[in-house]
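Here is the structure we will look at.
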Amino acid sequence: MGFSTQIEAVAYCRTPYKQKFGIPRQPGLVDFVRGFVELTAPYNHIDAVRGLEQYSHLWLLFCFHENLAQGWKTTVRPPRLGGNEKLGVFATRSTFRPNGIGQSVVKLHQIHQGKGKVVLEISGMDLLDGTPIIDIKPYIPFSDAIPDAIGGIAQQAPEQVEVNFSNQAVEQLSRLEKRYPGLDKLIQAVLAQDPRPAYKKGKPDPKRYQVALYDLDIFWYAQEQGIEVETIQPFCAKASGAGV
Ligand code: SAH
């Protein structure tokens, strides 16, 4: 109440995740995937990150910019609970929040500087490509890590499912490996999270699904024993989201 401030992006995040569907639901779940935080003017000065290289991890505060237009609700249905039970918005990490602010701990690998750019190379992020970053802070283990904390409905990381590739997908991957090193590992790790709503887990599901990584569409089916990658195609905006 009674305060006013203008919030603007200090950086934008570049990630392989081109659509919301399929992005890991928290940071660290797919921990090896690299991303880049590109500082914007007037924050793109190396002095603004002086000393940051001493930290292994960062807090990124960001805006759920793709969800702002939809607003927020008092209660939400967390995917973890299969979409049946409602919890208060402030009792969840819902992306539909009054101020649309997200927070993620990510690993810092390197700070790149040159041609007027300052770019932080990170990994483990759960952010959409192009996400506006509104603040960056060092992660301080003595205070930020609480090993015996109680984690409510999210005490444990979700279980992973098995991911298999069709013969066609294996062939496509061998052709794409040069241009997208580690693509097989990325697809495997993203789909092992089973991006579908939790109530679908372990049930037969005839739908064809798609996730967008880099400029590729990955088409897949969920089977009883796990996920099968059917085919990999150039990205097509029309294919967007679940069940195509
Ligand atoms: N760690 C953060 C975000 C958790 S939710 C927090 O707790 O605040 C993670 C989900 O946010 C992803 O699965 C993705 O679907 C969604 N997401 C990521 N970036 C987004 C963006 N820029 N706009 C809207 N949704 C986004």
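This is a predicted model, so every value here is computed, not measured. Order of appearance sets the numbers: ligands from 1, and atoms from 1 within every ligand.
Using a 4.0 Å cut-off to heavy atoms of D126, the atoms of ligand 1 that qualify are 1 (N), 2 (C), 3 (C), 4 (C), 9 (C), 12 (C), 18 (C). Near S104, meaning under 4.0 Å from one of its heavy atoms, ligand 1 places the atoms 1 (N), 2 (C). Numbered from 1 in the order shown, with element, the atoms of ligand 1 that lie under 4.0 Å from a heavy atom of N67 read 24 (C), 25 (N). Set against the non-hydrogen atoms of Q26, the atoms of ligand 1 under 4.0 Å away are 1 (N), 2 (C), 4 (C), 7 (O). Listed by number with element, the atoms of ligand 1 under 4.0 Å from a non-hydrogen atom of H65 are 21 (C), 22 (N), 23 (N). Atoms of ligand 1 found under 4.0 Å from any heavy atom of G102, numbered from 1 in the order shown, are 8 (O). Residue E66 approaches ligand 1 through these ligand atoms, each under 4.0 Å from one of its heavy atoms: 23 (N), 24 (C). Close contacts between ligand 1 and K20 involve ligand atoms 15 (O), 24 (C), 25 (N) [criterion: under 4.0 Å to a heavy atom].
Checked against a 3.5 angstrom limit, the closest N/O atoms of T95 and ligand 1 fall outside it. Taking distance alone, with nitrogen or oxygen atoms compared against 3.5 Å, I23 approaches ligand 1 more closely than that limit. Every N/O-N/O distance between R25 and ligand 1 stays at or above 3.5 Å. Residue-to-ligand polar distances keep P27 apart from ligand 1: every N/O pair is separated by 3.5 Å or more.
In this structure, T40 contributes its side chain and V10 its backbone to a donor-acceptor pair below 3.5 Å. The closest donor-acceptor contact from the side chain of R97 to the backbone of F90 lies at 3.5 Å or more, if one exists at all. In this structure, the side chain of T15 engages the main chain of D129 through a donor-acceptor pair within 3.5 Å. One N or O on the side chain of D205 and one on the backbone of K207 form a donor-acceptor pair closer than 3.5 Å.
No close placement of the F96 and W72 rings is indicated, their centers lying 6.0 Å or farther apart.
Figure legend: R14 and F36 shown without cation-pi pairing, the cationic atom not lying both under 6.0 angstrom from the six-membered ring centre and within 45 degrees of its axis. Seen from the ring of F32, K185 counts as a face-on cation partner, given the 6.0 Å and 45° thresholds.
Closest to atom 20 (C) of ligand 1 among all protein heavy atoms lies L128 CB, 3.8 Å. Remark: minimum distance from atom 26 (C) of ligand 1 to any protein heavy atom is reached at F64 CD2, 3.7 Å. Among protein heavy atoms, the minimum distance from atom 8 (O) of ligand 1 is reached at Q103 N, 3.0 Å. In this structure, the protein non-hydrogen atom closest to atom 7 (O) of ligand 1 is R93 NE, 2.7 Å.
For the side chain to side chain contact (heavy atoms under 4.5 Å, CB included) with Y17, the qualifying choice from T131, L127, V211, V30 is V30, the only one to do so.
At a cut-off of 3.5 Å, with distance as the only test, a side-chain donor of D215 or Y180 sits close to an acceptor on the other residue.
Ring geometry for F21 versus W220: interplanar angle under 30°, hence parallel rather than tilted (30 to 60°).
Cluster membership check: L52 shares its hydrophobic cluster with F62, using side-chain heavy-atom separations under 4.5 Å among Ile, Leu, Val, Met, Phe, Trp and Tyr.
Using a non-hydrogen distance threshold of 4.0 Å, P24 registers as a contact of ligand 1. The closest approach between a heavy atom of C63 and any atom of ligand 1 is below 4.0 Å.
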